[in-house]
Amino acid sequence: MKQYLHKLFTHALLQAEISKDMVVEFRIERTRDARHGDFACNAAMVLAKAARMRPRDLAARIIEQLPTDEPSIAKVEIAGPGFINVFLTQQAYRAVIGDILTAQAAYGRSQVGAGQSVMIEFVSANPTGPLHVGHGRGAAYGAALANLLTAAGFNVHKEYYVNDAGRQMDILAVSVWLRYLELCGETVAFPSNAYQGDYVWDIAASLHREHGEALRQSANTVFKDIPADVDQGGDKELHIDALIERSQQLLGDASYRLVFQRALDVILEDIRHDLEQFGVVYEAWFSESSLSDTRAMDQLKAAGHTYMQDGALWFRSSAFGDEKDRVLVRENGQFTYFASDIAYHLNKLERGFDHLINIWGADHHGYVARVKAAMMALGADAERLTVLLVQFATLYRGKERLQMSTRSGEFVTLRELREEVGRDAARFFYIQRKSEQHLNFDLELAKSNSKNNPVYYIQYAHTRIAGVFRALSETNFVWHHDKARLERLESKYEQAVLVTLSRYPEVIEMAAETYEPHQLTYYLHDLAEVFHTFYDAPGHKVLIEDDELRNARLSLMAAVQQVLRNGLTIIGVSAPEVM
RNA sequence: GCGCCCGUAGCUCAGUCGAAUAGAGCGUUGGCCUCCGGAGCCAAAGGUCACAGGUUUGAGUCCUGUCGGGCGCGCCA
């Protein structure tokens, strides 16, 4: 509707020949106040200066050029400083029911994406332990955003980047092996920098079950001449690095690989399963270790964007807008995380996506400039990459703030959260706030079965409608949309529902353009609210003798149910028939 | 110190690339069940949009500064 009006006004402006060279940036907006009609156009105010006319005079000229026989427009008024207010006909609003019932799941989809390809990379947590509640927000946001962009006509590819190479994974492998040695009966001083969680024991136990003591070494041999850990007055980094090297020596390539791979496989499978249970699925899981070539770095070197200093290889990122230069290869010969990230982004670019979206935790915001710098240095347009930052979520149980610490393996996992509040509530709560906003996640509220809980409030609207259609089948009444006389939907309650239904496509488009799925959660709450108000309003019983009105109200309800289902599906929440 | 994000009702937050009288939920107070699911509905109270300037016909929204909160500033990931 909005787009349609925009076309009408654009045409009218051309007819009015107000200014030759204007590239018109006027807007059609929903009004806040019903007295201002349904939509307002600000064209006259925006163009007044260029046209050298007073806004209200200009508005009058524009209106002259609007078609007079347009069936969707009841009347047009000039108001306030020069708004052109458009009042739609009842007919225009009633048409939305037919649109919805015809399009069904496709109602609200748009073609603004025009089939452009978008790659969304999200979560991408290191496979060194289970996902925690912080990852959950990125997962819920990324999945909802992907659905939104799909609904807006983009071709979306979701990907999880698996950091299966590098030091953290080696630390995990050593952690598992040391736990395994403990299971064999060795006494081990477990390093402070190793992974402490119980899941490390589980992986070690599976190795012990399958391989017996084949991987056993004496603790004395393992720790002989290893630099002291931090609790012995040493350095925890040197301690763990030496243990990694020692483990590789003692186990040999094949056995070390066995431990490493087992740890990776078990944890990755756990993450994959966890996300699947959360309703988050990917097109691809991209392995960092598959990026073995050094082409990205070679390109940077060849283009003269790197230099050696203090034994390390540096990327001159400051020449591309970063605060300072960054190391690609450490003095000890190891590639930095940044180096592999550049390779990954080159790979993404080469795969030809029109647009790249990365969803990162807000603590990584300092990282954005350097990745964009690398893209520029590789000759790509940095605008092709959008990095969306997600703030952390703080869990509350009522008023009590829950402490989360990743130290000593005590954290609230995504799985625990899901098991406590359920998938629907978790998905909804995670995205109901703007992503760059801190999120207070109240477990009590998320679990409550009342209107206090927005998830239940919305789902209840869907369920109530399902209930009425169930009740219908137990009466002698039937629903025939063809026999519905929609002009009978004339009460303010029914009108409010129609107006809200007609907004849905605009909400999808806006939410997709701004990458803000939370707008959809607010919309769904609005829709549920106008529905509940209609349903509870005096004299608005649905299952009534009056054929025309009954069919009309049933059609209205079917339309509400369809839109609720469409919207809930996008944010990853179920639309239950019964609750 | 520098950079990024955020300051809107008692609390949690919306506010659509600047528009008309700033909205919702919770909480508080008061109403509504002979009626399709009351897991609901109706109503009231509650605001110097952190503060100060600026741009504009028009600013919660854009710009500058101040104050307050969060995060980041490694040859960690």
Side-chain angles (χ1 to χ4, degrees), chain A residues 25 27 29-33 35-36 40 42 45-46 48-49 54-55 79-83 85 125-126 128 163 166-169 171 237 309-314 323-324 326-338 340-341 361-369 389 391-392 396 399 432-434 436-440 442 445 448-454 456-457 459-461 463-472 474-475 477 503 506-507 509-511 513-514 516 518-519 521-522 525-526 528-529 531-544 553 557 578-579:
Chain A
E25 279 298 323
R27 299 181 64 194
E29 299 183 309
R30 291 271 174 181
T31 57
R32 289 184 194 154
D33 188 328
R35 283 171 303 184
H36 299 140
N42 68 350
M45 289 180 292
V46 174
K49 195 170 267 183
R54 286 187 307 197
F83 287 105
N85 290 337
N126 284 346
T128 53
N163 288 105
R167 183 163 167 266
Q168 293 304 317
M169 285 306 297
I171 294 176
E237 307 289 349
Q309 186 181 308
D310 303 330
L313 179 71
W314 294 71
E323 297 177 348
K324 50 169 127 170
R326 310 289 176 177
V327 170
L328 296 173
V329 185
R330 294 159 67 187
E331 195 178 1
N332 65 9
Q334 289 187 324
F335 288 12
T336 59
Y337 179 87
F338 180 44
S340 72
D341 229 21
D363 55 334
H364 284 66
H365 66 74
Y367 212 77
V368 178
L389 299 173
Q391 289 285 354
F392 290 124
Y396 285 80
K399 296 282 181 197
Q432 73 174 331
R433 301 296 179 226
K434 222 187 309 192
E436 65 262 33
Q437 187 83 243
H438 287 278
L439 173 68
N440 289 333
D442 184 351
L445 180 59
S448 80
N449 295 356
S450 72
K451 67 166 292 195
N452 300 6
N453 183 343
Y456 281 86
Y457 185 76
Q459 287 182 321
Y460 181 52
T463 302
R464 260 184 149 177
I465 295 169
V468 168
F469 279 95
R470 273 195 303 277
L472 174 70
E474 289 164 17
T475 67
F477 301 135
R503 278 174 48 211
E506 295 160 28
V507 171
E509 205 165 297
M510 176 63 63
E513 276 173 12
T514 56
E516 292 180 349
H518 75 274
Q519 293 195 29
T521 67
Y522 280 90
H525 192 276
D526 283 351
E529 184 172 46
F531 166 73
H532 285 308
T533 300
F534 151 76
Y535 188 80
D536 285 341
H540 282 69
K541 200 171 172 207
V542 176
L543 300 179
I544 49 177
R553 285 181 176 161
M557 291 182 63
V578 287
M579 289 169 70

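All heavy atoms count here, side chains included; hydrogens, waters and symmetry mates do not. Chain A is the first sequence line, chain B the second, and so forth, proteins listed ahead of strands; every chain is numbered from 1. Please read these numbers as outputs of a predicted model, since none were measured by experiment.
An anti orientation is assigned to B/C6, its glycosidic angle lying beyond 90° of 0.
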In 5'-to-3' order, the base (B), backbone-only (S) or no-contact (-) status of each nucleotide in nucleotides 69-77 of chain B, using a 4.0 angstrom heavy-atom cut-off, is -SBSSSBSB
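Distance A/K541 NZ to B/U34 P: 14 Å, rounded to the nearest Å. Computed from coordinates, the A/Y522 OH to B/G15 C1' distance equals 10 Å when rounded to whole Å. If you take OH of A/Y535 and P of B/A39, they are 12 Å apart, rounded to a whole angstrom. Between the P atom of B/U16 and the CD atom of A/E29 lies a distance of 9 Å, rounded to the nearest Å. Summarising the geometry, the separation between CG on A/D526 and P on B/U16 is reported as 14 Å, rounded to the nearest angstrom.
A donor-acceptor pair shorter than 3.5 Å cannot be found between the side chains of A/H438 and A/R433. One side chain, A/Q334 or A/R330, offers a donor N or O that lies under 3.5 Å from an acceptor on the other.
A distance of about 43 Å separates the C1' atoms of B/G1 and B/U57, rounded to the whole Å. The same atom, P, is picked in B/U48 and in B/U8; the two are 12 Å apart, to the nearest Å. The P atoms of B/C6 and B/C17 are separated by 15 Å, rounded to the nearest whole Å. Nucleotides B/A14 and B/A22 have their C1' atoms positioned 11 Å apart, rounded to a whole Å. Nucleotides B/G60 and B/A50 are separated by 12 Å at their C1' atoms, to the nearest Å. As rounded to the nearest Å, B/A9 and B/A44 have C1' atoms that lie 15 Å from one another. For the C1' atoms, the distance linking B/U66 with B/U28 amounts to 36 Å, nearest Å. B/C32 and B/U16: their C1' atoms are spaced 35 Å apart (whole Å).
The side chain of A/Q437 places no N or O atom within less than 4.0 Å of a non-bridging phosphate oxygen (OP1 or OP2) of B/U12.
For an aromatic pair to be called close, the ring centres must be under 6.0 Å apart, and A/H36 with A/F83 fails this.
Taking the side chain as every heavy atom from C-beta outward, A/R30 and A/E506 approach each other to under 4.5 Å. Within the 4.5 Å cutoff, the side chain of A/Y522 has no heavy atoms near those of the A/V507 side chain.
Pairing for B/G68 is with B/C6, a Watson-Crick or G-U wobble pair whose two hydrogen-bonding atom distances lie under 3.5 Å. Here B/U28 sits opposite B/A44 as a Watson-Crick or G-U wobble pair (both hydrogen-bonding atom distances under 3.5 Å). Under the Watson-Crick or G-U wobble criterion, with both distances below 3.5 Å, B/G1 is paired with B/C73.
Among the heavy atoms of the strands, none lies under 4.0 Å from A/V507.
In the set B/C36, B/A20, B/A39, B/A20 carries the atom at the smallest distance from any side-chain atom of A/N85. Each of B/G38, B/U12, B/G37 was ranked by its minimum atom distance to the side chain of A/R433; first place goes to B/U12.
Taking the charged nitrogens against the carboxylate oxygens, A/D536 and A/K541 have no contact shorter than 4.0 Å, which rules out a salt bridge.
Not one N or O on the side chain of A/T463 forms a donor-acceptor pair closer than 3.5 Å with the backbone of A/V578.
In this pair, A/H36 lays its aromatic ring flat on the base of B/A20, centres within 5.5 Å and planes under 30 degrees apart. By the 5.5 angstrom centroid cut-off and the 30-degree plane limit, A/F83 is classified as stacked against the base of B/A20.
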Short N/O separations, protein against nucleotides 54-63 of chain B, under 3.5 angstrom:
residue : atom : partner : partner atom : Å
B/U57   : OP1  : A/K49   : NZ           : 3.3

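The two atoms that bring A/L389 and A/G361 nearest to each other are CD2-O, 3.9 Å, heavy atoms only.
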Dump the intermediate steps for side-chain contact (heavy atoms from CB on, under 4.5 Å) on A/F531 and A/Y460, then the final yes or no.
CA-CA 11 Å; A/F531 166 73; A/Y460 181 52; over 6 Å; no
